[in-house]
Every structure is written in C-alpha cells, then in structure tokens.
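Here the structure is laid out as structure tokens; the discussion comes afterwards.
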Amino acid sequence: MTATTAIGAGLNRIEAAAKVTGAARYAGEIPLDGHAYGSVVQSTIARGQVTMIDADAVLARPGVLAVLTHDNAPRLHRADDTDAELLVLQDDRVRYRGQAVALVIAETLEQARAGAELLDVTYQPEDHDVVFAADHPRLYAPEHVNPNYPTDTSVGDVDAALASAAIVVDATYSTPAEHNNPMEPHAAIAQWDGDRLTVYDSNQGATSVRQALTTLFGLADGAVRVLSEHVGGGFGAKGSTRPHAVLAAMGARFTERPIRVTLTRQQMFAMVGYRTPTIQHMRLGADADATLVALEHTAYSQTSQVLEFAEQTALISRLMYAAPNLRTRHRVVALDVPTPRWMRAPGEAPGSFALESAMDELATACGVDPIELRVRNEPSVEPDSGLPFSSRNLIACLHEGAERFGWASRDPRPGVRRDGRWLIGTGVASSTYPARSAPSTAAATALADGSFVVEITASDIGTGARTALTQIAADELRAPTERVEVRIGDSDFGQAMIAGGSMGTASWSWAIAKACRELLHTLHEIGTVPPEGVTAHADTAEDIKAQAQLSRHAFGAQFAEVRVDVDTGEVRVPRLCGVFAAGRIINAKTGRSQLIGGMTMGIGMALLEEGVMDPQFGDYVNHDLASYHVPVNGDVHDIDVSWIDEHDDRLNPVGVKGIGEIGIVGTAAALANAVWHATGHRHRHLPIRPDRVLTSLA
Amino acid sequence: MDFLYARSWDEALAAKAERPDAVPISGGTDLMVDLNFDRRRPDALLDLNGVEEFTRWERVNGHVRIGAAVPFTRIINEIGSLVPGLAIASRTVGSPQIRNRGTLGGNLATASPAGDALPPLMVADATVEVGSVRGERTVPVREFFTGPKRSVLEPDELIRAVLVPVADGPQQFAKVGTRNAMVISVCSFALALHPARRTVAGCIGSAGPTVLPTPDAEQYLEAELADRRLWDSRAELDEAVATRFGELAGAHARPIDDVRGTADYRRHAVAVLARRTLQWTWTEYRRAQR
C-alpha cells in the first residue's frame, strides 16, 4: 500500500478558484469559431409515426441554417452494443413522448429555439401504454439485469422455509420514477475536420463517448476526440453518451460548422434517463429467535420500447443477510416511455428501501432491536455466491452509528413520543454498494524542473476527483501536491473507466499508482530527468483480470430522526447520521461532501421526489425543478457523516472502495422506519407525502 | 418581440396606452418563467425598471404606501414591523434571489391564487392604486381579482402602488408546501385581528381559483369573541372555538387535485392553518396587554 502524506487530508478542490471565478469552462460554454446552435424538437405523442415534417416555414426564418429530420439526417452505423437511444433521426417511429424528432440549427440560440418551437410535425398516433404495474401482462424476465448480473437467483427452498417459519413478513413496497437532474444541463459542441471529429461534451467518461461516436459515425480509431474538463454534476445521467452529443455531431457534419446543442431542463426529463419506478415484493421468514430462515425479493421495473434497461433492484438481497433459503427475481415491462437508466445507486437505492424496511418490520414482529436483528443475521460469506468478503464492517458501522446517534436509550414502542403537535421517531437502516475496479490507462511524466504531470481520462463531475487523484499521485511520487498536475477529461489520454458505479477513484487510482511506480522505477534507473522529461504508461487490464474472486462491497449504517406534524402530515428531518466503511477515504472534505450529498438525495427520495406519469399524454407532468422537488436547505438540518478506518488490501493498490453512491443507499428506509416509530404507521410507498401521512393518521 | 422602456410613471402609462398588448416586466420572477417555458410569447414587453418611484415606500395617513416594484426583501427589512402579516408572507417567497427581485405589483398583476403576498393584503384591507392615461383609481384588493390569473386591470392600466393600513393588531400567515423553502404553496392562510374595530379577517391562498375570504369563519369568531367578551378580558381562547373557526375557514376553500396536493388534503390543511394562525394571533393579542 501507498505510504500516505496527502491521502486522507481535506485538500481544497484544486479547480475551486477557476470555478467560482467563471474561468472553468463547461461544455456548453466552449467558444469555437463560427459555431451555430442546434435546438432539439421532441415528439408530442408517446407512440406512433412521424408522417410529415414541413420545414419550409422554419427554414425561411432569419438565421435558420438547417432542419435535420429522419429524411435528411446523416445515417448512423450501429454495432451489437450500440445504445439504440443514440440512433436519433434514423426512422419515423416515435417510441416515447419527448423523443428527438428533429434538430433546428440556426445562427443564434434564440433563432434555433424559436424555429424548433414553430416546426410543423404531423404524426399518426397509436394507442400508447405508459402505466407501470406489477400485474402488467407483458412483464417478462430479462436475460440479465444491469449491468450483467443474473436475473434470478435461488438458494435452498424459500417456499418450504417460509411455510415453517415462526415469523413471516410479507409486504409490497414501491418507489416512483425519480429524475436525476444535475445542475449543468447536458451540452455538447462538435466540430469536424475532414473525418476527424472533436466534441466538447458534458459526460461522466470521455472515452466511452469517444467509442460510441466512433462507431455511430463509422470512423477510424483515433478519429474522435472527446473533451470534458469540467462537468457540473452527473448522478448517472451522464454515465454514457446521450443523444445531444450525437445530434451536435450530426448537425456539425450537415452544416460543416461547429454546432452546440444544450438540452433545456425540461428536455432532460425525457432525454437523459431517470430511475425506473419499482414495485418490490418482500417475503422474510425467521425463527422465534429472529434468525432469518428465508428471504425472497421480487422486483418489478419498467423499460422502454427503445432498449432494455433492467434495473438490478433485488441485487442487494443477495449479499446483505445470512438467509439459508434465498431467492431474488427481476421482471420488467417495456412501455412507451423514455428509457430509464442509471441514477445514483441504481438497484441498491430502491432495493434497500424495500429490504431495509422489511427488516425493520421483521425486527418489530420478532420483538428485537433492529440493530440486533442485523447482528444476528450477519453472514460469514456472501449468502448467494458463497464468496468470501474482501472486508465487511457493517456491524462496526451499526455500532459506531448507534453510539454517535444515541440509539441505546431508544424506546422501541411506536407512536408514543410527542412534543406539541409533533410525533417523534427514530429509525436505522444498513447501506451497501459494490466496490469494483475497471481497466484504465494512465501516463505519468517527470519533468526536468522536478514537477510531474499525470494524464488520465478521468471525469470530475463535481466529486473532487481531480483533487483526490492529485493526492494519490503525489503520495505515489513522494512529492508535494503542488508539484503534481493531474490532467483529466480528454479522451486522447487513453481508455479509462467512467465516473460511475462508484468505480472512478478505485479504477483511476490503480492506473495512476501503477504509472507512478513505473516512473519512479525508471527515474531510479536513469538517475536524472532528461530535458524532454520522461513518461511511464500503465494499463490495469491484466491486473484486474488477475484479481481473486471475492465479494467486494462498501457498507454503512444510517440513522434518522423525524418529526411528524399530526395535523398536516408534514415530515421534518432534524438529523441524520451515517457511518460508512468504504476503504480508504482519499479526501476528507470532498469525501464527506459526497456522503452528505448522497444522504441529502436520500431525503428527497424518501419525502419529495416523484415523477408523475400522465397516462393520457404519456409524459412525466412535473418535468421541471419547480414541480419536481429535490430537498433545499430548509429541508436539511444536521447530517453527521463519519467513516471507520478500514484497510482492505484486496481491492486495489490504494485501498479505495468508492463513495459516490453508498450515501443514498438506506437513507429512505431509515427515514421510513423513523416515520413508523414516530406514528405507528408503516409507509411502504415513496415518497412519504404529507397527504399519505395524514391519511394514515386519520 | 418589442422591448419598451419607461423612465417615469407618465412614460410608462403612455407606452401602455400605445401598446396595451405590452406585458409589464419588473422583477421578472413570474414572467421570465413563462417566457422560458414558452407559455407566453407576448408581442411586446414594457420594462418598468427605469421608473424610480415604483421602488419607494412612504407612510401616509396611517398607511404604508408601497411602490409597485419594492422587492420582498425590502418589505421584510424596512417595513416589516408596520405590515407584519405581509412581512411574514414575504419571507416565504422563493429563495433570497427571488425575494430580491419579486414585487408586490407582480404578485397582484399575475393574480395567481398561490401569490404569497395576496392573502395578507386581503386581510389588511389594502387598496391598489392603478392608473392609465385616462386617469387613476384605487381598487380594494378584495375586489381586485376576478378569476385565476385574472384581475380588474384594464389593458391600458398599470399598478402604481399598494396602500396597506399599518397593522392595528396581530397578523399571521402560514403555508404548507411539499418542502420547506422554494416552493409553491399547497395552500396558505392569512389572518388579521382588528381589535379597535373588533373584527377579524381571514383569507385562503392556493386553494381555489383566487385567494378566498372566509366570511363565515370571521362572523363566527367575531360573535364568539363578542359573546364571551374576550376582546376586553383577553382571556384564553377556547380550543373548540379555534377548531370551529378552522373548520368554517376550510369550508370556504374551493381546491382542486394537482401534483402539489389533493383537494381533500388542501381543505383539511386550510382548516389546520386557520386554527393555528388564530392561536398565534390570539396569544400575541393577550401578551400585548402586559
């Protein structure tokens, strides 16, 4: 492991000054000579056919340069793994409301938007099906669930175990569609030079966008360069190439000018993915001493008619608790809706709501403390696979959190604490998230002046990745952070993992550590740095392939206190406490911010966020941030975040597990469990809205 | 889109007379949202930011005369003690940035039932000064709204100022939102006690086509206060009276179901807010004695 000096410190963001002074440029701000603007026209029906697009009137407007439709747009190439959402303007089919049906290109943004609003599109609508239900006749079992997990798993005989269990919890939970809307809208500006394409794009991984564009436009390897130096948030919505980048490149090819496409906030609700609604059926069986004998988790979710995205909602139940009879199943239905995609902790976030709520119900049914229930059912190996854990400190987190939160004095009875008009309750839930690494490349260069440059196609989506990687490189190079420059966000630096799946830092740090160690070795051999500098390259593909088969996960425990207004049903959250065991935390400041951000998003999931589908028009009606509510400062009070000192040398050279997602896992369940403790009423459907609370209290 | 700019009240009236279709813009906190979402595409905007008198307030004969473009932040900071109900409501408007820009004139002209400043203006018996090149008139706020987002303003008229009587008793405002800030209210309620006149006034926001007065609740409470001689004794208010007042106020709501809340929830919540604002104002009235 690395000897640490910089690692662990709360270093300020290296690019902070550039960001707050506006010097940092985001994709939608990159000025290229002679660029024009593309504005996306979205379908106004949920299913059917575009029968005519009359562009003449729009083309006659001042400044309008082109109207791209399926009739004239450049033809795209597809490979087996091509994301079908990217095959924009290739045919006349409408597969969901909000799908791109044209791009209006004009000299100014205003001209492009005005043209897009006036474009006359005629449709042949067909009956659409947009209503998700657990008894939908077209539900099916996908071949695998995201990204490549088995759809169903089964150990032992769940039905028999449940039939003879002393205590059974059988309950259905649901979570609504949730939308990830980073502050920076998706934007790209594309420029062609012959058969070379350069795209400044807002994404979570420039090499994955490069690969997609290379395929779609049938280009040679190395012909595409994607740059994304600064990205204003992602939460999964920028995890892979999105249609705006393809449209910008198409528009640029068509007009032979650089074209910028920036999605509007409202367009993002249909065009960049969202979290699928879920319905989850849980069956838990236990002995009288609260030992689990059976656990069954069946999850239903939706996908689109464009491509299959099957969320791994029940994955969490394969590893959390030691049930000898364990079954998980996923079913999905393809509706005429936008394609759901990754949103912070896909799978674990909604899955943990069901599992951790059901565990709370089981604790009550068994008459044991919810922490004690988890302690009694702590597995020694991963229950589903039998693999050993590389490290697992769930119980340590629960105990540490109980101490910090003051759990010991808790009266388990629900609905008995009242302060004026407020009912008060507390709840707990476990958190987990996979700790994986993926192949990446990096280069480390020593310069003659004693400084270093590290290049890697990492993406800093606001997480502080650039700063954390600088700390890692500095420690590897045994140099102060001021002498190390880490350059990121340029696909020309070579293939690297995206900032996704909580795998960014784990994957990038491995490649950086390897390159830096190689560089130090070279420097040791040659003695002095030559005037032109010296560079070492690293690729971790073989290292990762050679990893031992282990169950690698971060764990955590979350505690919540709520106050419920008996008259209005409003739920307030005076405090949250999260304790995590996530390997080595590289930057204490940005790391804490990541976890606070995840837990804050968990408050939104529990109490506020709900994409409301309009069955008549097939659209999420609250498709803006005025009506789709995320928590604001007034909703967030005390969030206490800490981590235990965890050393796991079977992860990667730096010992990183990743913290991008675990913060949102378990928060909603902890809050729902606290609402139960406050009121005596179990809320199995999110969000826990005032009207739902009030109805339950009536 | 034509962009007209006025530097004085007379210039603004002349421009509005010439272009009655021009939509006035001051803080822009409502209008810019409509433009951005393409809900409206007016042929002309009339920018009132150059009219300095709109941003002034003054005390006139027991009233505060608040220029149409005095932003909420200044109402809170500069005249909060004179018009407490309005100040409480102003604090719940949007974010600090919105409160720095948003104005009373905009709240009135937009005439949304969810306009946070409107219920407190109603219960304070405020009047609106409007004018056109044809002349000026004053309209009681109680008569200003004719429907959802509709008012008595003629196409050539502009709002000049709002005359709010200095509070003669406790005032309160409360709202329910689906989160704790930056939220359009699910419903709201304003209440003013007028001890000198021995009257009370309540008003519902965001639970009907316009802000709604609550005459049945007011008559009930006035009778109770009179029968029990509570104005003089300043004795504690019976919980049952507050509850009944809330129920009667809630019965005046004419809510709809929407993504912010169900009609049933709104009716119930209005009753809760009416009860609570009564308890708060009465407690304040009792304390004022000592």
Side-chain angles (χ1 to χ4, degrees), chain A residues 39 42 109-110 113-114 116-118 176 264-267 420-421 563 565-574 600 603-604 606-614 619-637 687-698, chain B residues 1 3 29-30 32-41 91-98 112 114 174-189 239 242-243 246-247 250 255 257-277 279-280:
Chain A
S39 183
Q42 294 176 282
L109 175 62
E110 292 75 15
R113 281 190 71 172
E117 281 152 14
L118 293 169
T264 66
R265 181 65 64 190
Q266 291 192 316
Q267 287 174 337
R421 67 197 219 215
R563 295 164 77 85
D565 186 314
V566 293
D567 296 322
T568 65
E570 292 163 278
V571 178
R572 300 277 196 268
V573 186
T600 301
I603 295 176
L607 303 179
L608 301 169
E609 297 187 42
E610 180 176 27
V612 179
M613 173 55 73
D614 178 341
D619 196 7
Y620 286 105
V621 285
N622 49 343
H623 54 200
D624 57 62
L625 294 181
S627 48
Y628 182 88
H629 281 176
V630 296
V632 295
N633 281 331
D635 299 305
V636 182
H637 298 274
I688 305 172
R689 299 188 312 247
D691 59 329
R692 286 177 166 163
V693 175
L694 196 63
T695 306
S696 75
L697 291 174
Chain B
M1 190 187 294
F3 192 79
T29 56
D30 278 322
M32 288 309 297
V33 174
D34 279 357
L35 295 183
N36 280 334
F37 285 180
D38 205 29
R39 291 189 195 128
R40 306 172 72 174
R41 186 48 55 104
R91 286 192 190 94
T92 74
V93 173
S95 61
Q97 295 91 331
I98 295 293
S112 161
K175 82 179 188 186
V176 172
T178 49
R179 66 182 167 195
N180 290 317
M182 293 183 52
V183 70
I184 304 172
S185 58
V186 174
C187 63
S188 65
F189 193 81
E239 176 79 26
T243 301
E247 287 166 4
D257 289 331
D258 68 16
V259 293
R260 297 203 300 277
T262 61
D264 283 347
Y265 180 80
R266 286 188 157 108
R267 222 173 272 115
H268 171 85
V270 165
V272 171
L273 296 182
R275 189 186 82 215
R276 285 184 183 168
T277 51
Q279 287 162 332
W280 297 335

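Residue numbering restarts at 1 for every chain, and letters A, B, ... go by the order of the sequence lines. Values reported hereafter were calculated over all heavy atoms of this structure, with side chains retained and with hydrogens, waters and symmetry mates removed.
Of the two parts of A/Asp624, only the side chain, counted from C-beta on, holds a non-hydrogen atom closer than 4.5 Å to a non-hydrogen atom of chain B. Contact of A/Arg113 with chain B is made through the side chain alone, with heavy-atom distances under 4.5 Å. Contact of A/Arg689 with chain B is not made at all, since no heavy-atom distance falls under 4.5 Å. Residue A/Leu625 touches chain B through its backbone alone, counting heavy-atom pairs closer than 4.5 Å.
Put simply, the side chain of B/Arg179 gets close to the backbone of A/Val630: a donor and an acceptor are under 3.5 Å apart.
With 3.5 Å as the limit, one finds a donor-acceptor pair spanning the side chains of A/Arg572 and B/Asn180.
Chain A forms more heavy-atom pairs under 4.5 Å with one residue of B/Ile184, B/Asn36, B/Asp38 than with any other, namely B/Asp38.
A/Thr568 and B/Val176 get closest at one heavy-atom pair: CG2-CG2, 4.4 Å. Minimum interatomic distance between A/Leu694 and B/His268 (heavy atoms only, all atoms of both residues): CD2-CD2, 3.0 Å.
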**Request:** For salt bridge (charged side-chain N to carboxylate O under 4.0 Å, His left out), just list the numbers for B/Arg276 and A/Asp565, CA-CA rounded to whole Å, side-chain angles, deciding distance to a tenth of an Å, and then say yes or no.
**Result:** CA-CA 12 Å; B/Arg276 285 184 183 168; A/Asp565 186 314; 2.7 Å; yes
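In this structure, the separation between NE2 on A/His623 and CZ on B/Phe37 is 7.5 Å, given to the nearest 0.5 Å.
In this structure the side chain of A/Glu117 reaches within 4.5 angstrom of the side chain of B/Arg41, judged on heavy atoms.
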